[in-house]
2 protein chains.
Amino acid sequence: MKNRLKVLRAERDWSQQDLATALEVSRQSVNAIETGRYDPSLPLAFRIADVFGLAIEEIFQRD
Amino acid sequence: MKNRLKVLRAERDWSQQDLATALEVSRQSVNAIETGRYDPSLPLAFRIADVFGLAIEEIFQRD
DNA sequence: GTGAATTGTCAAGATAACTTTCCATTTTGA
DNA sequence: TCAAAATGGAAAGTTATCTTGACAATTCAC
């Protein structure tokens, strides 16, 4: 899956740590997802969508 | 997470095996997801949404 | 230009998502 | 009614997701 996390973070001027804190996951998890090393679980994808106020499909797309 | 798989299958008169075949996963995976034993991965959630022609959020909700 | 913050990544370990095989129970239909 | 199909779930194994801790490289602010 591809994702728009880096851009969405940049728009809000959030560090990976800021996002990790908001999501209650480790910074390494945010980095791994953002750089495409692995996909988030579905519950985490929902939390990410919530944090950005977007639908999952607006953040994640198949590659 | 809760999900509407059982109803969506019933609307289409699909067995768990029918859905599993369409998704290219085992029938036990469909059963486990449907009965809430575990959540699908994000890629599988996307495939499920595709198969039903719905958004992920229309199929899965937090519980 | 130096120090702090940010980012990328690795390693090792835990837990969750999936597989195949198998069996018991329930539902369906002729 | 009785067989076939469908469902629910256990066990054991693999892979993916996530953790903490660490370290190097890059970017940022003064």
Side-chain angles (χ1 to χ4, degrees):
Chain A
M1 315 235 44
K2 293 188 307 186
N3 71 75
R4 307 206 314 121
L5 288 187
K6 191 166 186 170
V7 169
L8 294 171
R9 267 196 317 108
E11 285 173 356
R12 288 157 182 77
D13 197 23
W14 289 350
S15 67
Q16 291 182 345
Q17 182 60 67
D18 291 336
L19 178 55
T21 300
L23 294 171
E24 297 183 301
V25 293
S26 69
R27 180 187 67 82
Q28 287 82 346
S29 287
V30 168
N31 181 271
I33 291 164
E34 185 166 311
T35 59
R37 285 213 305 286
Y38 55 73
D39 298 315
S41 66
L42 185 60
L44 180 51
F46 266 89
R47 301 211 299 281
I48 292 169
D50 280 356
V51 159
F52 288 115
L54 296 170
I56 289 176
E57 290 84 354
E58 293 175 305
I59 303 175
F60 297 93
Q61 300 89 30
R62 325 178 174 295
D63 46 13
Chain B
M1 315 238 41
K2 294 189 305 185
N3 70 76
R4 306 205 312 119
L5 287 188
K6 190 167 188 170
V7 169
L8 293 170
R9 264 198 318 110
E11 286 174 355
R12 289 157 181 78
D13 197 24
W14 289 352
S15 67
Q16 290 182 347
Q17 182 60 68
D18 291 335
L19 179 55
T21 300
L23 294 171
E24 299 182 300
V25 294
S26 68
R27 181 187 66 82
Q28 285 78 358
S29 286
V30 169
N31 181 271
I33 292 164
E34 185 166 313
T35 59
R37 287 211 305 286
Y38 54 74
D39 299 315
S41 66
L42 185 60
L44 179 50
F46 266 89
R47 300 212 299 280
I48 293 169
D50 280 355
V51 160
F52 289 114
L54 296 170
I56 289 176
E57 290 83 354
E58 294 175 302
I59 302 174
F60 297 94
Q61 300 89 30
R62 331 176 174 298
D63 46 16

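By convention in this document, chain letters (A, B, ...) are assigned in the order of the sequence lines, proteins followed by strands, and residues within each chain are numbered from 1.
- Here the shortest heavy-atom pairing between A:Arg37 and A:Asn31 reads NH1-OD1, 3.5 Å.
- Applying the side-chain hydrogen bond (donor to acceptor under 3.5 Å, both in side chains) test to pairs two or more places apart or on separate chains, those with a residue in residues 5-14 of chain B are B:Arg9-B:Glu34.
- Contact check, B:Ser41 against C:dA16: no side-chain N or O comes under 4.0 Å of OP1 or OP2.
- Between B:Ala49 and B:Ile59 the shortest heavy-atom distance is CA-CD1, 3.6 Å.
- Taking A:Phe46 as the reference, nothing meets the ring pair (Phe, Tyr, Trp, His ring centres under 6.0 Å) condition, with sequence neighbours excluded.
- Applying the side chain to side chain contact (heavy atoms under 4.5 Å, CB included) criterion to A:Ser26, with sequence neighbours excluded, gives A:Gln28, A:Ser29.
- Position along DNA chain D of the nearest nucleotide to B:Thr35 versus B:Pro43 favours B:Thr35 as the more 5'-ward residue.
- Here the CG atom belonging to A:Asn3 is positioned 7.5 Å from the CD1 atom belonging to A:Ile48, to the nearest 0.5 angstrom.
- Applying a 4.0 Å cut-off to non-hydrogen atoms, none of the residues of residues 2-20 of chain B approaches DNA chain C.
- On the nucleic acid side, DNA chain D has its first and last nucleotide under 4.0 Å of a heavy atom of chain B at D:dT7 to D:dA10, going 5' to 3'.
- Atom-to-atom, OH of B:Tyr38 to P of C:dC18 comes out at 6 Å; the value is rounded to the nearest Å.
- Annotation: side chain to side chain contact (heavy atoms under 4.5 Å, CB included) contacts of B:Ala55 (sequence neighbours excluded): A:Glu57, B:Glu57, B:Glu58.
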### Task
Mind running side chain to side chain contact (heavy atoms under 4.5 Å, CB included) on A:Val25 and A:Ile33 for me, showing each step along the way?
CA-CA 11 Å; A:Val25 293; A:Ile33 291 164; over 6 Å; no
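- With sequence neighbours left out, A:Gln17 forms a side chain to side chain contact (heavy atoms under 4.5 Å, CB included) with A:Ser15, A:Ala20, A:Thr21, A:Arg27.
- Counting only residues at least two apart or in different chains, side-chain hydrogen bond (donor to acceptor under 3.5 Å, both in side chains) contacts with residues 40-53 of chain B comprise A:Arg62-B:Asp50.
- Rounding to the nearest 0.5 Å places CG of A:Leu23 at 7.0 Å from CZ of A:Phe52.
- Of the residues in residues 24-31 of chain A, those placing a heavy atom less than 4.0 Å from an atom of DNA chain C are A:Arg27, A:Gln28, A:Asn31, in numerical order.
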### Message
For nucleotides 25-30 of chain C, give me one character per nucleotide, 5' to 3': B if any protein heavy atom sits under 4.0 Å from the base, S if the only such contacts are to the sugar-phosphate, - if neither.
### Response
------
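- Defining each end axis of the helix from C:dG1-D:dC30 to C:dA30-D:dT1 as the rotation carrying four pairs' C1' atoms onto the next four, with five pairs an end, the two axes are found to diverge by 60° to 10 degrees.
- Two residues, A:Arg37 and A:Leu42, neighbour DNA chain C, and the one matched to the more 5' nucleotide by heavy-atom proximity is A:Arg37.
- For the contact set between residues 47-54 of chain B and DNA chain C, defined by any heavy atom under 4.0 Å, there are no members.
- For the atom pair CG (A:Asp63) and CG (A:Asp39), the distance works out to 8.0 Å, reported to the nearest 0.5 Å.
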